[in-house]
Number of protein chains: 2
Amino acid sequence: MSKCEQCIVREFSSLKALTKDELIKLSDCKTSHIIKKGEVIFEEGENVNGIYCIKDGVCKLTKLSANGKDHIVKLVTKGELLGQRSMISDEPVNLSAVALEDMQVCFIPKSEVMGYFDKNNQFSMNVMKSICGDLKEADDHMVNLAQKTVKERLAETLLYLNDTFGKNEDSSLKVQLSRDELASIIGTATESCIRLLSDFKKLGLIELTGKKIVLKDINALKKLAE
Amino acid sequence: MSKCEQCIVREFSSLKALTKDELIKLSDCKTSHIIKKGEVIFEEGENVNGIYCIKDGVCKLTKLSANGKDHIVKLVTKGELLGQRSMISDEPVNLSAVALEDMQVCFIPKSEVMGYFDKNNQFSMNVMKSICGDLKEADDHMVNLAQKTVKERLAETLLYLNDTFGKNEDSSLKVQLSRDELASIIGTATESCIRLLSDFKKLGLIELTGKKIVLKDINALKKLAE
DNA sequence: TTAAAAATATGATATTTGTCATATTAAAGA
DNA sequence: TCTTTAATATGACAAATATCATATTTTTAA
């Protein structure tokens, strides 16, 4: 079992506020898990009873809409925590988490985390700030969905994927999403997404090789995204 | 100057966790304000340096989108706090707040509130829970904007206004929004909103008298909203 | 009170986006 | 490897929504 004191990603999450003693105790009660691409970490409506700390990999947070389609609310990657909102609200999770690539995660039971809230003010503030960041992001996202066209949203999402998760050596976007998943981020039909990608390709903005997407003209994409 | 100890709306906000001593101190440092309909409480990008407690009235939180149109992110009413996110993140506010009717609000300076976070754990938890609630709402809203049609969103919004803010004696919706504002909640063009309202009227779902809207067939509206 | 401005309403039309059908290509499993 | 299945792609068309023009009504303020 790996030790939390030596875990690097801890430094990027709210957990960085924990003391040495708290970390040692944490090492004992946390459980480590390998999640394969496509596997579910938790599902909307479940009682998770703790938080997941992502050590490696990327997952999608999705919500089922009334029409039966999944919408991707957010992508989450190493250094971030999952399930905070649900734990604090003392409710089942409102989103599902599914691995987009192989992941390493640690689960910390609720009882342990709730103790930090009482004893470690800096940890509380960190969690609050992180949730506040999520809220701001959600507001921005909401306005984009309400006011921008599908084309603008696609351009913006491609740029976001590039900026947030970076590229492979062949300069293709590191996070590989199916067309279906991409469509479910920007909130459109899969066919519309495919069609617009083809348009972007014809315009020389991107290159498509199988699932791989290479951004060729960042500035033009920025202009399209407004 | 009114006393916070005796303020009823306090019981509905995170401030209910404050002790008697804290409330007496709060009464001294808070400032009360009357905001007229249409007036701005704060504007996107401003440094607010504190939070507003709404004693009476309703306001809209809006965000300017890239195309220059305002989007209404949320309606906020008595008992709720404004500016929490911005204060915790230590950033300018990301939304503007504009009164939809005459309002009474109290302003509590940041220095005072931040003290509570250190000393009063229940207050911290209350604030966290309230922000978590906002986040969950935002997620839901996002999925609706992404997946539902304008008609569905309009029906849903009318029901939401009815459930959340209630009706006048003439059974019209209490919160009066212009067609423009209604359109900017559901994320559509003003004309489309007007047209759909006319359709709903023709179908006998609602009644329109000037700005007043009466919901005539709640069940049918629920069906439309899915 | 009346003139001007703003909000609401509606028609005509263009544009965007979704849906269905059907290839084509890629991936998975026997 | 071959077969089957799933993902991607594209055309044809339908539906939803936006835009522009223009009435009509309501509100505002001179």
Side-chain angles (χ1 to χ4, degrees), chain A residues 36-39 65-71 100-101 144-158 172-173 176-203 206-214 224-226, chain B residues 36-39 65-71 100-101 144-158 172-173 176-203 206-214 224-226:
Chain A
K36 292 264 170 209
K37 178 176 176 171
E39 279 180 10
S65 81
N67 63 25
K69 275 205 271 183
D70 265 330
H71 181 78
L100 289 176
E101 44 188 60
N144 282 343
L145 284 168
Q147 308 271 8
K148 289 192 173 177
T149 64
V150 175
K151 192 188 287 181
E152 287 165 346
R153 267 140 53 200
L154 175 58
E156 187 173 43
T157 301
L158 292 175
S172 64
L173 294 179
Q176 278 200 15
L177 299 167
S178 68
R179 303 291 188 262
D180 195 50
E181 287 169 328
L182 197 48
S184 121
I185 292 180
I186 66 183
T188 191
T190 309
E191 295 94 325
S192 298
C193 176
I194 290 173
R195 225 178 287 273
L196 282 171
L197 282 174
S198 295
D199 291 351
F200 283 8
K201 183 183 172 184
K202 274 169 207 152
L203 289 167
I206 61 175
E207 221 166 57
L208 297 172
T209 319
K211 257 195 181 50
K212 284 185 185 298
I213 300 176
V214 178
L224 264 185
E226 268 191 336
Chain B
K36 292 262 169 208
K37 178 177 176 172
E39 279 180 9
S65 81
N67 62 26
K69 276 205 268 183
D70 265 331
H71 182 77
L100 289 176
E101 44 188 60
N144 282 344
L145 284 168
Q147 307 271 8
K148 288 193 172 175
T149 64
V150 175
K151 192 188 285 180
E152 287 165 346
R153 266 140 55 200
L154 176 58
E156 189 174 42
T157 301
L158 292 174
S172 63
L173 294 180
Q176 278 200 14
L177 299 167
S178 68
R179 303 291 188 264
D180 196 52
E181 285 169 329
L182 198 47
S184 121
I185 291 180
I186 67 183
T188 190
T190 309
E191 296 95 325
S192 298
C193 175
I194 290 173
R195 227 179 286 273
L196 283 171
L197 283 174
S198 296
D199 291 351
F200 283 8
K201 183 184 172 183
K202 274 169 207 154
L203 290 168
I206 61 174
E207 221 166 59
L208 297 173
T209 321
K211 256 193 180 52
K212 285 185 185 298
I213 300 176
V214 179
L224 264 185
E226 269 190 335

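No hydrogens, no waters, no symmetry mates; every other heavy atom, side chains included, goes into these values. Reminder, nothing fancy here: chain letters follow the sequence lines and each chain counts from 1.
As rounded to whole Å, 13 Å separates atom C1' of dG18(C) from atom CD1 of Ile186(A). Atom NZ in Lys202(B) sits about 11 Å away from atom P in dA9(C), given to the nearest Å. A straight line from CD1 of Ile206(A) to C1' of dA9(D) spans 13 Å, rounded to a whole angstrom. Put simply, CD on Glu191(B) is 13 Å from C1' on dA12(C), counting in whole angstrom units. Protein atom CG of Leu196(B) is 10 Å distant from nucleotide atom P of dA16(D), rounded to whole Å. Nucleotide dT16(C) holds its C1' atom 14 Å from the CG atom of Leu154(A), rounded to whole Å. The interatomic distance linking Leu145(B) (CG) with dT17(D) (P) rounds to 12 Å, in whole Å. Lys148(B) places its NZ atom 22 Å from the P atom of dA15(D), with the value rounded to the nearest Å.
Closest to the Ser198(B) side chain, of the nucleotides dT17(C), dT19(C), dA9(C), is dA9(C). You'll find that the side chain of Val150(B) is closest to dT17(D), out of dT17(D), dT8(C), dC20(D). Comparing dA18(D), dT8(C), dT19(D) against the side chain of Thr188(B) picks out dA18(D) as the nearest. Nearest nucleotide to the side chain of Arg195(A), out of dG11(C), dT17(C), dT10(D): dT10(D). The side chain of Leu208(B) lies closest to dA9(C) when the candidates are dA9(C), dC20(D), dA18(D). Among the nucleotides dT17(C), dT19(D), dA18(D), the one closest to the side chain of Ser192(A) is dT17(C).
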Working for side chain to side chain contact (heavy atoms under 4.5 Å, CB included), residues Glu181(B) and Leu100(B): CA-CA 10 Å; Glu181(B) 285 169 329; Leu100(B) 289 176; 3.4 Å; yes

Stepwise side-chain hydrogen bond (donor to acceptor under 3.5 Å, both in side chains) check, Ser178(B) with Asp180(B): CA-CA 5 Å; Ser178(B) 68; Asp180(B) 196 52; 5.0 Å; no

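Once rounded to the nearest 0.5 Å, the distance linking CD of Glu226(B) with CD of Glu152(B) reads 4.5 Å. In this structure, Ile206(A) CD1 and Lys212(A) NZ are separated by 14.5 Å, a value rounded to the nearest 0.5 Å.
Here the options are Thr190(B), Ile213(B), Thr188(B), the test is side-chain contact (heavy atoms from CB on, under 4.5 Å), and the partner is Leu182(B); only Ile213(B) passes.
Applying the 4.0 Å criterion to OP1 and OP2 of dA7(C), one finds that Lys211(B) has every side-chain N and O outside that range. The phosphate of dA7(C) (OP1 or OP2) has no side-chain N or O of Thr190(B) nearer than 4.0 angstrom.
Between the side chain of Arg179(B) and the base of dT25(D) there is no donor-acceptor pair of N/O atoms closer than 3.5 Å.
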